[in-house]
Trainee: 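The structure follows.
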There are 2 protein chains.
Amino acid sequence: MTIDQPTVRRGTNLPRVGDFNESVVLDAIRRAPDGLSRVELAAATGLSAQTVSNICRRLLDRGLVVEAGKKGGRVGKPRTVLQVSPGGSFAIGVHLDPAVVTYVVLDLIGGVVHSMRQPTPQVVDQAETLADMSTAVQRLVDESGIPRERILGLGVAVPGPIDPVAGAVVEPPQLAGWERVPLRDQLSLATGWPVVMDKDVIAAAIAERWAGAAVHSGNFLFFYLGTGSGMGVVVNDVVLRGVSGNAGEIGGLDANCTTYALVEEAIERGVLGREKAPVGPGEAERSLLDLVALADAGDSSARSIIDGWARRVGLGVSAAATLVDSELIVFGGPIWPHLGRLFLPVINPIVAASPFVGKMHETAVTGTALGDDVGAVGAACLVLDQTLSARPQSLLLA
Amino acid sequence: MTIDQPTVRRGTNLPRVGDFNESVVLDAIRRAPDGLSRVELAAATGLSAQTVSNICRRLLDRGLVVEAGKKGGRVGKPRTVLQVSPGGSFAIGVHLDPAVVTYVVLDLIGGVVHSMRQPTPQVVDQAETLADMSTAVQRLVDESGIPRERILGLGVAVPGPIDPVAGAVVEPPQLAGWERVPLRDQLSLATGWPVVMDKDVIAAAIAERWAGAAVHSGNFLFFYLGTGSGMGVVVNDVVLRGVSGNAGEIGGLDANCTTYALVEEAIERGVLGREKAPVGPGEAERSLLDLVALADAGDSSARSIIDGWARRVGLGVSAAATLVDSELIVFGGPIWPHLGRLFLPVINPIVAASPFVGKMHETAVTGTALGDDVGAVGAACLVLDQTLSARPQSLLLA
DNA sequence: GATAAGTACATCAGTTTGATTTAGAATGGT
DNA sequence: ACCATTCTAAATCAAACTGATGTACTTATC
């Protein structure tokens, strides 16, 4: 299932340029902690003062930015500071996890305005499941009180691998029944909003870039620890997707590093009782938390299982960081909050000892700034990223 | 030594659009084996017929393309086929290898017009070494008989890691004395041409993309086997460079996979005699060839050393291919021609057995289509890529 | 004459250039 | 202390410019 990529690159034209420059300016304003004035924008973007002025007018008219006070220099007319208006636009994010479906509404600066959770349904009747999901989305929007036209669209994050052409999940390890469900297109039809879909790890990485630990880095790795694990890789400001949209999968590392595999190892070594053997997606995570609790309590076997895991992850990320020349490694995902303090002491020295760290540049390691909802937040960020972020790719003709 | 990357993205303007569309068209013509007509170009690029017509006029005027016959349909005016004129422009490539410096002149379609080799000098006097190199370049150009103004520029490929800001090599493992030599800027000063510099593995990957095994793929890995080894990674048509321009280095794999390390292993295991212990960069390669000859002759210890090496490489590339979702893995570099037939039988099944191959898409494995000179050819391709290729990045203001 | 390829010309959209207006601080005289 | 003047940098206005597009027209072959 390879995507038919255009053999040659497409051209561009003026309307694209206009839209692009608009997002460049919005992006710059959004990224500056205290907003930016028009002259500062001109300097930052390389555009002329006049162009920036025109674009700002449009952004103000649409309510995407607001004028927020003045910043006086020593002499001359003081600069008028522009900031994004969080309530100017919103995006909806849906994270389909094997255990739970999370829905969030995000504002322009990446703040969670409203959220909702439901247990992941078993798919018996595709149409019914899809109808339930779109009802949930409608309820979410109604409860948030945001007018429909302020919502840019809907993002869906799913466990990989995905089929980006069909907009569906492919052989989802833990999502029996969801295969071949044309999630993207059907949700768009049902809700009336444009829908974008991506792997949850990629979505999470974009969330970190927009509003998390990587706002200031365009070269980082995001390591997602959930039911499965995977990486979101951003290099030179672009998110790696690869030939079939499935970049970020982890080769050999994955098989013996799933939550399942670790819980099973723990049971085999007698650290956890047989009754902890997981039968559903949620249970593996609960058993894992028991293992973490044991490690915390000083159980050395539990500790060694987790240390071994951390070591494998550490070697994997430092190899990946060397390969793509990252300056930052961010860990996150639903189970990270429980593991962070056990993992970091193992991983930090491994990364620091890697031959290219220090020789070329520092490589920072950090835990996510976003919480459990990083998948759903990321899903919504997919929409923000697609519609508001300045990707040169968006200049090209369709 | 982190590069100061712009915190925000830059805007674009009309002149950039003009240049970009021009390279889009040239790129499309170049990539089509038999050339393309104007209507076909319009369809391929998404530009209007008129725009394509205007651009073609400019390209014809500049001598970059030529009209080459007509392609008649059943009825109507036949299409006039446009092809690139190989002699329209040229680029110079220099590969600084620990053992040898290779100089080439490349035409527009990536053909080697002229080439030259010199043993790599020891740097005792920086100025003198640089003067020697620029003299060599001048001689190369004189011998090729190409007028100066037809030459777009000079590309330099060096072993990593590099300092892309200073345009110099950094702690080169085998290039004692070359550190801190401001190669890029000094060569530009001496020759008068713009000079671009990159790691040899990245240059080689670009060569494969322009005129080698990857002309038809925008998602591939290039694995370079030379004195050192490294990868060139291309994802969604962009070459990964990373935060300091040093993407493609190989973490743990590298240390025990250099030519040196293998020859030493062979000596330790008594497969090669102690007299084969390498003292210079060239000798390690010669000793390695002896090892290959032994393996070919049926020596099982030699064979097992090489198989072990191939296995490590195979696992590394398949992990990397999974991570970045490649559809193609290309092997090359100076020692590949000797190793290919021993490596492929080991590597192929490893890649094929990787969990994501087949599940998502095929991943082809192949040897380079270019020869020993891939580094120098790549260096010249850096120039072609920078000046003629349609990279959306080039749309952005400086 | 029919058909498809390619071009001339006017139009349109977005950026740039240069001149102009605007808002506040600094100056200096009373 | 007060106030008009001057100065400076920010922001905007108006006109020019550039490159893509749509429509109508010409060209080349069957």
Side-chain angles (χ1 to χ4, degrees), chain A residues 9-26 29 35-61 65-82 390 394-398, chain B residues 10-26 28-29 35-61 65-82 390 394-398:
Chain A
R9 213 178 280 274
R10 315 274 303 179
T12 186
N13 60 13
L14 277 130
R16 303 260 162 183
V17 168
D19 290 351
F20 177 77
N21 283 346
E22 198 172 295
S23 25
V24 166
V25 170
L26 184 57
I29 299 175
L36 242 45
S37 74
R38 290 173 177 76
V39 267
E40 290 163 339
L41 284 167
T45 60
L47 297 167
S48 68
Q50 182 60 56
T51 303
V52 170
S53 188
N54 295 340
I55 291 174
C56 289
R57 151 95 36 111
R58 295 207 296 271
L59 293 174
L60 284 164
D61 285 351
V65 306
V66 288
E67 299 198 332
K70 316 217 158 191
K71 199 161 42 169
R74 196 163 301 279
V75 292
K77 177 174 175 175
R79 307 170 170 188
T80 31
V81 176
L82 297 167
S394 67
L395 277 160
L396 309 188
L397 297 168
Chain B
R10 316 274 301 176
T12 186
N13 61 12
L14 277 133
R16 302 261 163 183
V17 168
D19 289 352
F20 176 77
N21 283 345
E22 198 172 296
S23 28
V24 166
V25 169
L26 184 57
I29 299 175
L36 282 172
S37 74
R38 290 173 177 78
V39 266
E40 290 162 340
L41 283 167
T45 60
L47 297 167
S48 69
Q50 183 59 58
T51 303
V52 170
S53 187
N54 294 340
I55 291 174
C56 288
R57 152 94 36 110
R58 296 207 297 270
L59 293 174
L60 284 164
D61 286 351
V65 305
V66 287
E67 300 199 331
K70 315 217 158 190
K71 198 160 44 168
R74 196 167 300 280
V75 291
K77 178 174 175 175
R79 305 170 172 188
T80 23
V81 176
L82 298 167
S394 66
L395 276 161
L396 309 188
L397 297 168

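Naming convention: chains lettered A, B, ... in sequence-line order (proteins, then strands); numbering from 1 in each chain.
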Trainee: Please find the pair of heavy atoms, one from P78(B) and one from G72(B), that lie closest to each other, and give the distance.
Mentor: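 Answer, listing the atom of P78(B) first, then G72(B): CB-CA, 3.6 Å.
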Trainee: Which residue, L14(B) or G76(B), contacts DNA chain D at a nucleotide closer to its 5' end, judged by nearest heavy atom?
Mentor: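 The residue closer to the strand's 5' end, by nearest nucleotide, is L14(B).
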Trainee: For V39(B) and for L397(B), find the nucleotide of DNA chain C with the closest heavy atom, then tell me which residue's nucleotide is more 5'.
Mentor: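 Mapping each residue to its closest nucleotide by heavy atoms, the 5'-most match is V39(B).
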Trainee: Only counting residues at least two apart or in another chain, list the ones meeting side chain to side chain donor-acceptor pair (under 3.5 Å) with S48(B).
Mentor: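 Only T51(B) meet the side chain to side chain donor-acceptor pair (under 3.5 Å) criterion with S48(B).
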Trainee: Which ones in residues 44-51 of chain A lie close to DNA chain C, meaning a heavy atom under 4.0 Å from one of its atoms?
Mentor: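 Heavy-atom cutoff 4.0 Å gives S48(A), Q50(A), T51(A).
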Trainee: Quick one, L26(B) with V65(B), criterion side-chain contact (heavy atoms from CB on, under 4.5 Å). Give me CA distance, side-chain angles, the key distance, then yes/no.
Mentor: CA-CA 8 Å; L26(B) 184 57; V65(B) 305; 3.8 Å; yes
Trainee: Mapping S37(A) and K70(B) onto DNA chain D by nearest heavy atom, which one lands closer to the 5' end?
Mentor: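 Closer to the 5' end of DNA chain D: S37(A).
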Trainee: By nearest heavy atom, map E40(B) and R16(A) onto DNA chain C; which one lands nearer the 5' end?
Mentor: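 The residue closer to the strand's 5' end, by nearest nucleotide, is E40(B).
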Trainee: If the condition is salt bridge (charged side-chain N to carboxylate O under 4.0 Å, His left out), which residues does K77(A) pass it with, not counting sequence neighbours?
Mentor: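 Salt bridge (charged side-chain N to carboxylate O under 4.0 Å, His left out) check on K77(A) returns nothing, list empty.
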Trainee: With R57(A), which residues qualify under side chain to side chain donor-acceptor pair (under 3.5 Å), at least two apart?
Mentor: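 Partners of R57(A) by the side chain to side chain donor-acceptor pair (under 3.5 Å) criterion come out as none, since no residue qualifies.
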Trainee: If you fit an axis to the five pairs at each end of the helix from dG1(C)-dC30(D) to dT30(C)-dA1(D), how big is the angle between those two axes, to 10 degrees?
Mentor: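 Inter-axis angle at the termini of the helix from dG1(C)-dC30(D) to dT30(C)-dA1(D): 20°.
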Trainee: For the pair S394(A) (side chain) and A390(A) (backbone), establish whether a donor and an acceptor sit closer than 3.5 Å, ignoring hydrogens and angles.
Mentor: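 Answer holds: no.
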Trainee: List in chain and number order the residues that pass salt bridge (charged side-chain N to carboxylate O under 4.0 Å, His left out) with R16(B), two or more places apart in sequence or in another chain; answer none if no residue qualifies.
Mentor: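 In terms of salt bridge (charged side-chain N to carboxylate O under 4.0 Å, His left out), with neighbours along the sequence ignored, R16(B) is linked to no residue.
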Trainee: Contact boundaries of DNA chain D with chain A (under 4.0 Å, heavy atoms), 5' to 3'?
Mentor: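 Contact boundaries, 5' end first: dT8(D) to dT21(D).
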Trainee: Going by the rule salt bridge (charged side-chain N to carboxylate O under 4.0 Å, His left out), which residues pair with K71(A) if we only count those two or more places apart in sequence or in a different chain?
Mentor: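 With sequence neighbours excluded, K71(A) shows a salt bridge (charged side-chain N to carboxylate O under 4.0 Å, His left out) to E40(A), given in chain and number order.
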Trainee: Under the side chain to side chain donor-acceptor pair (under 3.5 Å) rule, collect the residues that match up with N54(B), sequence neighbours excluded.
Mentor: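 Per chain and number, N54(B) pairs via side chain to side chain donor-acceptor pair (under 3.5 Å) with Q50(B).
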Trainee: Out of curiosity, F20(B) CZ to T12(B) OG1, how far, rounded to the nearest 0.5 Å?
Mentor: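 Between atom CZ of F20(B) and atom OG1 of T12(B) there are 9.5 Å.
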Trainee: First and last nucleotide of DNA chain C touching chain A, 5' to 3', heavy-atom cut-off 4.0 Å?
Mentor: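 So the outermost contacting nucleotides come out as dA13(C) to dA26(C).
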Trainee: Please name all residues satisfying side chain to side chain donor-acceptor pair (under 3.5 Å) with S53(A), sequence neighbours left out, ordered by chain then number.
Mentor: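 In terms of side chain to side chain donor-acceptor pair (under 3.5 Å), with neighbours along the sequence ignored, S53(A) is linked to no residue.
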Trainee: Taking only residues at least two apart or on different chains, which pairs with a member in residues 45-55 of chain A satisfy salt bridge (charged side-chain N to carboxylate O under 4.0 Å, His left out)?
Mentor: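 Listed once each, the pairs would be none.
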Trainee: Find the distance between CG (N13(B)) and CG (L14(A)) and round it off to the nearest 0.5 Å.
Mentor: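 Going from the CG atom of N13(B) to the CG atom of L14(A) covers 10.5 Å.
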